[in-house]
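Just so it is clear: chains get the letters A, B, ... in the order the sequence lines come, proteins before strands, and each one is counted from 1.
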Amino acid sequence: MPEGHTIHRHARLQRTALVGRRVRAWSLQGRFDAGAARLDGGTVTGIEAWGKHLFYRWGDPDGDPTGDVLHVHLGLFGRFRTFAADPPPPTDGTRLALVVDGGPTIHLAGATTVEVITPAGIDAVVARLGPDPLRRDADPARFAAALRRRSAPVCEALLDQAAIAGIGNVYRAELLFRAGLDPDTPAREVDADAVEAIWDDAVALLTRGERSGRIVTVEPADVGRRRRSDLRRRDEQRYVYKREDRPCHRCGTPIVSWVPRSRTVWACPRCQRLRR
DNA sequence: ATGACATGATAAA
DNA sequence: TTATCCTGTCATA
(Lines give C-alpha, C1' and ligand atoms only; values in the text may rest on other atoms or scores of the structure.)
Protein backbone atom coordinates (compact mmCIF):
# COMPACT_ATOMS: atom_id res chain seq x y z
CA MET A 1 0.00 0.00 0.00
CA PRO A 2 2.48 2.64 1.02
CA GLU A 3 4.40 4.60 -1.57
CA GLY A 4 4.86 8.35 -1.22
CA HIS A 5 1.35 9.22 -2.35
CA THR A 6 -0.11 7.15 0.52
CA ILE A 7 2.11 8.84 3.06
CA HIS A 8 1.25 12.35 1.91
CA ARG A 9 -2.41 11.43 1.87
CA HIS A 10 -2.19 10.23 5.48
CA ALA A 11 -0.43 13.48 6.37
CA ARG A 12 -3.15 15.58 4.80
CA LEU A 13 -6.09 13.65 6.26
CA GLN A 14 -4.53 13.26 9.68
CA ARG A 15 -3.66 16.96 9.78
CA THR A 16 -7.36 17.69 9.60
CA ALA A 17 -8.11 15.16 12.31
CA LEU A 18 -5.23 15.77 14.71
CA VAL A 19 -3.58 19.17 14.43
CA GLY A 20 -4.56 21.49 17.25
CA ARG A 21 -6.23 18.65 19.10
CA ARG A 22 -5.43 16.99 22.37
CA VAL A 23 -4.69 13.35 21.71
CA ARG A 24 -4.74 10.25 23.86
CA ALA A 25 -2.01 7.82 22.81
CA TRP A 26 -1.63 4.27 23.96
CA SER A 27 -0.14 0.98 22.96
CA LEU A 28 -0.79 -2.57 24.07
CA GLN A 29 2.57 -3.65 22.74
CA GLY A 30 5.73 -3.52 24.77
CA ARG A 31 7.55 -2.31 21.68
CA PHE A 32 6.01 1.18 21.91
CA ASP A 33 4.62 1.41 25.46
CA ALA A 34 7.04 4.06 26.62
CA GLY A 35 6.72 6.18 23.50
CA ALA A 36 2.93 6.17 23.65
CA ALA A 37 2.97 7.10 27.32
CA ARG A 38 5.26 10.01 26.51
CA LEU A 39 2.91 11.34 23.83
CA ASP A 40 -0.33 10.65 25.70
CA GLY A 41 -2.38 13.73 26.51
CA GLY A 42 -0.33 16.08 24.35
CA THR A 43 -1.34 18.00 21.25
CA VAL A 44 -0.32 17.61 17.64
CA THR A 45 1.07 20.89 16.34
CA GLY A 46 1.94 19.80 12.81
CA ILE A 47 2.37 16.81 10.51
CA GLU A 48 4.93 16.60 7.72
CA ALA A 49 5.72 13.99 5.09
CA TRP A 50 8.96 13.50 3.18
CA GLY A 51 9.10 10.51 0.87
CA LYS A 52 7.78 7.56 2.85
CA HIS A 53 8.42 9.17 6.25
CA LEU A 54 5.86 10.87 8.49
CA PHE A 55 6.72 13.33 11.25
CA TYR A 56 4.24 14.50 13.89
CA ARG A 57 5.37 17.48 15.96
CA TRP A 58 4.08 17.23 19.48
CA GLY A 59 2.99 19.96 21.87
CA ASP A 60 1.92 20.16 25.49
CA PRO A 61 -1.80 20.50 26.31
CA ASP A 62 -1.53 24.26 25.66
CA GLY A 63 -0.06 23.66 22.21
CA ASP A 64 3.50 24.72 23.06
CA PRO A 65 6.13 22.53 21.38
CA THR A 66 7.61 19.83 23.60
CA GLY A 67 10.41 18.92 21.23
CA ASP A 68 8.98 15.43 20.81
CA VAL A 69 8.37 14.22 17.28
CA LEU A 70 6.56 11.00 16.40
CA HIS A 71 8.36 9.39 13.46
CA VAL A 72 6.52 6.72 11.45
CA HIS A 73 7.64 4.67 8.47
CA LEU A 74 5.10 2.09 7.28
CA GLY A 75 7.56 -0.18 5.53
CA LEU A 76 6.13 -2.86 3.30
CA PHE A 77 2.94 -3.65 5.20
CA GLY A 78 2.37 -1.02 7.82
CA ARG A 79 -1.06 0.49 7.82
CA PHE A 80 -3.27 3.05 9.46
CA ARG A 81 -6.93 2.49 10.11
CA THR A 82 -9.14 5.43 10.96
CA PHE A 83 -12.48 5.10 12.70
CA ALA A 84 -14.82 8.06 12.88
CA ALA A 85 -16.52 6.60 15.93
CA ASP A 86 -16.84 3.33 17.85
CA PRO A 87 -13.40 1.92 17.08
CA PRO A 88 -13.21 -1.87 17.28
CA PRO A 89 -10.90 -3.39 19.86
CA PRO A 90 -7.33 -3.08 18.62
CA THR A 91 -5.76 -6.18 17.11
CA ASP A 92 -2.69 -7.75 18.71
CA GLY A 93 -0.63 -6.03 16.06
CA THR A 94 -1.77 -2.52 16.92
CA ARG A 95 1.40 -0.69 17.89
CA LEU A 96 -0.15 2.69 18.52
CA ALA A 97 -3.65 4.08 18.91
CA LEU A 98 -4.31 7.82 18.71
CA VAL A 99 -7.66 8.94 20.02
CA VAL A 100 -9.10 12.43 19.66
CA ASP A 101 -11.67 13.22 22.30
CA GLY A 102 -14.99 13.38 20.50
CA GLY A 103 -13.15 12.71 17.24
CA PRO A 104 -11.63 9.89 15.25
CA THR A 105 -9.47 7.02 16.45
CA ILE A 106 -6.42 5.99 14.44
CA HIS A 107 -4.82 2.56 14.77
CA LEU A 108 -1.32 1.90 13.46
CA ALA A 109 0.00 -1.62 12.85
CA GLY A 110 2.83 -3.28 11.02
CA ALA A 111 5.02 -0.24 10.65
CA THR A 112 8.74 -0.73 10.35
CA THR A 113 9.48 2.44 12.35
CA VAL A 114 7.47 3.99 15.17
CA GLU A 115 9.62 6.13 17.46
CA VAL A 116 9.86 9.41 19.31
CA ILE A 117 12.65 11.62 18.01
CA THR A 118 13.65 15.29 18.17
CA PRO A 119 13.42 18.05 15.56
CA ALA A 120 17.12 17.49 14.92
CA GLY A 121 16.21 13.86 14.32
CA ILE A 122 13.91 14.95 11.50
CA ASP A 123 16.84 16.71 9.86
CA ALA A 124 18.96 13.59 10.21
CA VAL A 125 16.35 11.45 8.47
CA VAL A 126 15.71 13.99 5.73
CA ALA A 127 19.44 14.36 5.12
CA ARG A 128 19.45 10.77 3.84
CA LEU A 129 16.59 11.42 1.41
CA GLY A 130 16.49 12.78 -2.10
CA PRO A 131 13.91 15.29 -3.32
CA ASP A 132 10.26 14.30 -2.92
CA PRO A 133 8.11 14.99 -5.98
CA LEU A 134 5.13 15.70 -3.74
CA ARG A 135 6.87 18.51 -1.86
CA ARG A 136 6.77 22.09 -3.04
CA ASP A 137 10.37 22.60 -1.90
CA ALA A 138 11.66 19.69 -4.02
CA ASP A 139 14.69 20.37 -6.21
CA PRO A 140 14.58 18.25 -9.39
CA ALA A 141 18.21 19.12 -10.10
CA ARG A 142 19.18 16.94 -7.14
CA PHE A 143 17.39 14.01 -8.78
CA ALA A 144 19.14 14.64 -12.07
CA ALA A 145 22.51 14.85 -10.33
CA ALA A 146 21.84 11.61 -8.44
CA LEU A 147 21.13 9.76 -11.69
CA ARG A 148 24.25 11.14 -13.36
CA ARG A 149 26.28 9.81 -10.43
CA ARG A 150 24.98 6.24 -10.69
CA SER A 151 26.16 3.48 -12.96
CA ALA A 152 23.47 1.14 -11.59
CA PRO A 153 20.40 0.50 -13.75
CA VAL A 154 17.87 3.30 -13.72
CA CYS A 155 15.29 0.92 -12.24
CA GLU A 156 17.46 0.58 -9.14
CA ALA A 157 18.08 4.31 -8.92
CA LEU A 158 14.34 4.97 -8.84
CA LEU A 159 13.94 2.82 -5.73
CA ASP A 160 16.90 4.51 -4.05
CA GLN A 161 15.33 6.94 -1.59
CA ALA A 162 18.53 9.00 -1.62
CA ALA A 163 17.99 9.70 -5.32
CA ILE A 164 14.25 10.39 -5.24
CA ALA A 165 12.10 10.00 -2.16
CA GLY A 166 8.71 8.33 -2.23
CA ILE A 167 8.92 6.10 -5.30
CA GLY A 168 8.12 2.44 -4.70
CA ASN A 169 7.88 -0.66 -6.83
CA VAL A 170 4.61 0.27 -8.57
CA TYR A 171 5.56 3.79 -9.55
CA ARG A 172 9.03 2.82 -10.71
CA ALA A 173 7.67 0.27 -13.16
CA GLU A 174 4.97 2.65 -14.40
CA LEU A 175 7.29 5.65 -14.70
CA LEU A 176 9.77 3.66 -16.77
CA PHE A 177 7.02 2.40 -19.07
CA ARG A 178 5.62 5.88 -19.56
CA ALA A 179 9.12 7.17 -20.28
CA GLY A 180 9.66 4.38 -22.82
CA LEU A 181 12.86 3.42 -21.04
CA ASP A 182 14.51 0.04 -20.66
CA PRO A 183 14.78 -0.49 -16.87
CA ASP A 184 18.29 -1.88 -17.41
CA THR A 185 19.59 1.40 -18.85
CA PRO A 186 22.47 2.64 -16.71
CA ALA A 187 21.13 5.64 -14.77
CA ARG A 188 23.87 7.95 -15.97
CA GLU A 189 23.01 7.18 -19.60
CA VAL A 190 19.45 8.47 -19.31
CA ASP A 191 19.49 11.73 -21.24
CA ALA A 192 18.59 15.02 -19.60
CA ASP A 193 15.25 15.34 -21.37
CA ALA A 194 14.20 11.90 -20.21
CA VAL A 195 15.28 12.67 -16.65
CA GLU A 196 13.18 15.81 -16.67
CA ALA A 197 10.25 13.89 -18.14
CA ILE A 198 10.48 11.20 -15.45
CA TRP A 199 10.52 13.84 -12.72
CA ASP A 200 7.56 15.72 -14.16
CA ASP A 201 5.66 12.49 -14.61
CA ALA A 202 6.43 11.47 -11.01
CA VAL A 203 4.97 14.78 -9.83
CA ALA A 204 1.85 14.23 -11.93
CA LEU A 205 1.30 10.58 -11.04
CA LEU A 206 1.98 10.87 -7.32
CA THR A 207 -0.24 13.94 -7.13
CA ARG A 208 -3.03 11.99 -8.77
CA GLY A 209 -2.38 9.09 -6.38
CA GLU A 210 -2.39 11.36 -3.34
CA ARG A 211 -5.79 12.73 -4.28
CA SER A 212 -7.44 9.42 -5.18
CA GLY A 213 -5.67 7.11 -2.77
CA ARG A 214 -5.01 4.70 -5.62
CA ILE A 215 -2.34 4.21 -8.25
CA VAL A 216 -3.90 4.55 -11.68
CA THR A 217 -1.37 5.24 -14.43
CA VAL A 218 -3.09 4.15 -17.61
CA GLU A 219 -4.30 6.94 -19.86
CA PRO A 220 -7.81 6.31 -21.22
CA ALA A 221 -6.53 6.96 -24.76
CA ASP A 222 -4.42 3.80 -24.45
CA VAL A 223 -7.35 1.52 -23.84
CA GLY A 224 -9.68 0.53 -26.64
CA ARG A 225 -13.34 1.36 -26.10
CA ARG A 226 -14.17 -2.32 -25.99
CA ARG A 227 -11.81 -2.85 -23.09
CA ARG A 228 -12.59 0.32 -21.22
CA SER A 229 -14.77 -1.50 -18.71
CA ASP A 230 -11.69 -3.56 -17.84
CA LEU A 231 -10.20 -0.49 -16.24
CA ARG A 232 -12.28 -1.30 -13.21
CA ARG A 233 -9.99 -4.23 -12.64
CA ARG A 234 -6.99 -3.16 -10.63
CA ASP A 235 -4.46 -5.00 -12.77
CA GLU A 236 -5.71 -3.15 -15.82
CA GLN A 237 -5.24 0.28 -14.27
CA ARG A 238 -1.49 0.09 -14.80
CA TYR A 239 0.63 -0.47 -17.86
CA VAL A 240 3.03 -3.07 -16.53
CA TYR A 241 3.02 -3.58 -12.73
CA LYS A 242 2.00 -7.19 -12.05
CA ARG A 243 0.86 -7.63 -15.65
CA GLU A 244 3.37 -10.26 -16.76
CA ASP A 245 2.12 -12.27 -19.75
CA ARG A 246 -0.78 -9.88 -20.28
CA PRO A 247 -0.94 -7.80 -23.46
CA CYS A 248 0.53 -4.31 -23.34
CA HIS A 249 -2.19 -1.66 -23.36
CA ARG A 250 -0.38 0.18 -26.16
CA CYS A 251 1.01 -2.48 -28.45
CA GLY A 252 -0.37 -5.85 -27.33
CA THR A 253 3.06 -7.41 -26.72
CA PRO A 254 3.07 -9.62 -23.59
CA ILE A 255 4.53 -7.83 -20.56
CA VAL A 256 7.65 -9.44 -19.07
CA SER A 257 9.17 -9.33 -15.58
CA TRP A 258 12.46 -10.12 -13.88
CA VAL A 259 13.92 -9.65 -10.40
CA PRO A 260 16.92 -7.38 -9.91
CA ARG A 261 17.96 -7.09 -6.26
CA SER A 262 14.92 -9.01 -5.02
CA ARG A 263 12.41 -6.47 -6.32
CA THR A 264 10.40 -7.57 -9.35
CA VAL A 265 10.35 -5.16 -12.27
CA TRP A 266 7.92 -5.31 -15.18
CA ALA A 267 8.25 -3.88 -18.68
CA CYS A 268 6.92 -4.01 -22.23
CA PRO A 269 9.64 -5.47 -24.51
CA ARG A 270 8.47 -3.38 -27.47
CA CYS A 271 7.43 -0.02 -25.96
CA GLN A 272 10.54 0.05 -23.80
CA ARG A 273 12.88 -1.41 -26.42
CA LEU A 274 14.30 -4.04 -24.08
CA ARG A 275 17.75 -5.32 -24.89
CA ARG A 276 17.59 -8.41 -22.74
C1' DA B 1 -3.89 -24.59 10.73
C1' DT B 2 -0.40 -23.35 7.64
C1' DG B 3 2.03 -20.96 4.12
C1' DA B 4 2.80 -17.53 0.59
C1' DC B 5 2.90 -13.03 -0.32
C1' DA B 6 2.77 -7.70 -0.28
C1' DT B 7 3.37 -0.81 -3.12
C1' DG B 8 10.12 -1.45 2.25
C1' DA B 9 14.59 -0.97 4.23
C1' DT B 10 18.57 -2.41 6.87
C1' DA B 11 22.39 -5.03 8.73
C1' DA B 12 25.42 -8.67 8.28
C1' DA B 13 28.21 -11.73 5.53
C1' DT C 1 23.79 -11.45 -1.91
C1' DT C 2 21.14 -13.23 2.20
C1' DA C 3 18.70 -12.75 6.49
C1' DT C 4 15.75 -10.20 9.17
C1' DC C 5 12.06 -7.22 10.94
C1' DC C 6 7.23 -5.41 10.65
C1' DT C 7 1.37 -7.55 10.10
C1' DG C 8 -2.76 -8.85 7.56
C1' DT C 9 -4.97 -11.31 3.92
C1' DC C 10 -5.84 -14.78 0.93
C1' DA C 11 -5.26 -19.47 -0.88
C1' DT C 12 -4.70 -24.11 0.19
C1' DA C 13 -5.15 -28.17 3.51
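- Taking atom CG of A:Leu205 as the reference point, atom P of B:dT7 lies 18 Å away to the nearest angstrom.
- Of the residues in residues 149-172 of chain A, A:Gln161, A:Gly168, A:Asn169, A:Val170 come within less than 4.0 Å of DNA chain B through at least one heavy atom, sorted by number.
- When atom types are taken as modelled, the side chain of A:His8 and the backbone of A:Lys52 share no donor-acceptor pair closer than 3.5 angstrom.
- Atom-to-atom, CZ of A:Arg128 to P of B:dA11 comes out at 9 Å; the value is rounded to the nearest Å.
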>> If you apply the rule side chain to side chain contact (heavy atoms under 4.5 Å, CB included), what do you find for A:Ile167 with A:Leu206, and how did you get there?
In response: CA-CA 9 Å; A:Ile167 303 302; A:Leu206 288 246; 4.1 Å; yes
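- In this structure, of C:dG8, B:dT7, B:dA9, it is B:dT7 that holds the atom nearest to the side chain of A:Leu76.
- Note on A:Glu48 versus A:Arg57: salt bridge recorded, some NZ/NE/NH1/NH2 to OD/OE distance being below 4.0 Å.
- Here A:Asp40 pairs with A:Arg24 in a salt bridge; the nearest charged N to carboxylate O distance falls below 4.0 Å.
- Remark: P of C:dT7 and NE2 of A:His107 are 15 Å apart, rounded to the nearest angstrom.
- Taking only side-chain nitrogens and oxygens, A:His73 comes nearer than 4.0 Å to OP1 or OP2 of B:dA9.
- Contact check of residues 80-100 of chain A against DNA chain B (heavy atom, cut-off under 4.0 Å) returns no residues at all.
- Using C1' as the reference atom, B:dA9 and C:dT9 are 22 Å apart when rounded to the nearest Å.
- Phosphate proximity of C:dT9 to A:Arg79: present, with a side-chain N or O under 4.0 Å from OP1 or OP2.
- For the pair A:Glu3 (side chain) and A:Val170 (backbone), a donor-acceptor distance under 3.5 Å is present.
- Comparing B:dA4 with C:dA3, their P atoms are spaced 15 Å from each other, to the whole Å.
- With rounding to the nearest 0.5 angstrom, the CZ atom of A:Arg21 is 15.0 Å from the CZ atom of A:Arg15.
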Query raised in the report: Please walk me through it: do A:Val44 and A:Trp58 pass side chain to side chain contact (heavy atoms under 4.5 Å, CB included)?
Result: CA-CA 5 Å; A:Val44 178; A:Trp58 230 256; 3.8 Å; yes
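- Comparing B:dA9, C:dT7, B:dT7 by their closest approach to the side chain of A:Ala109 singles out C:dT7.
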Writing each nucleotide of DNA chain B 5' to 3' as (, ), [, ], | or . by Watson-Crick or G-U pairing under 3.5 Å yields ||||||.|||||.
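- Taking atom P in both B:dT10 and C:dG8, the straight-line distance is 23 Å, to the nearest Å.
- Rounded to whole angstrom, the span from the CZ atom of A:Arg238 across to the C1' atom of B:dT7 amounts to 8 Å.
- Taking atom CD on A:Glu115 and atom P on B:dT10, their separation rounds to 12 Å, with Å as the unit.
- With no hydrogens or angles considered, a side-chain donor-acceptor pair links A:Asp222 and A:Tyr239 at under 3.5 Å.
- Nearest to the side-chain atoms of A:Thr112 among the listed nucleotides B:dT7, C:dT1, C:dC5 stands C:dC5.
- Aromatic ring pairs are classed by plane angle as parallel below 30°, tilted from 30° to 60° and perpendicular above 60°; the pair A:Phe55 and A:His71 is parallel.
- Each of A:Ser262 and A:Phe77 has a nearest nucleotide on DNA chain B; the 5'-most of these lies closest to A:Phe77.
- Set against C:dT7, B:dT7, B:dT10, the side chain of A:Arg31 has C:dT7 as its closest nucleotide.
- With 3.5 Å as the limit, one finds a donor-acceptor pair spanning the side chains of A:Thr217 and A:Glu174.
- Here the two rings, on A:Phe83 and A:His107, have centers that are under 6.0 Å apart.
- Rounded to an integer number of Å, the gap from A:Leu28 CG to C:dT7 P is 12 Å.
- Put simply, CZ on A:Arg95 and CG on A:Leu28 are 12.5 Å apart, with the number rounded to the nearest 0.5 Å.
- Between C:dC6 and A:Gln29, no contact under 4.0 Å exists linking OP1 or OP2 to a side-chain N or O.
- Comparing A:Arg261 and A:Gly110 against DNA chain C, the residue whose closest nucleotide sits nearer the 5' end is A:Arg261.
- Salt bridge status for A:Arg275 with A:Asp182: absent, with no side-chain N to carboxylate O gap under 4.0 Å.
- What separates NZ of A:Lys242 from P of C:dC10 is a distance of 13 Å, to the nearest Å.
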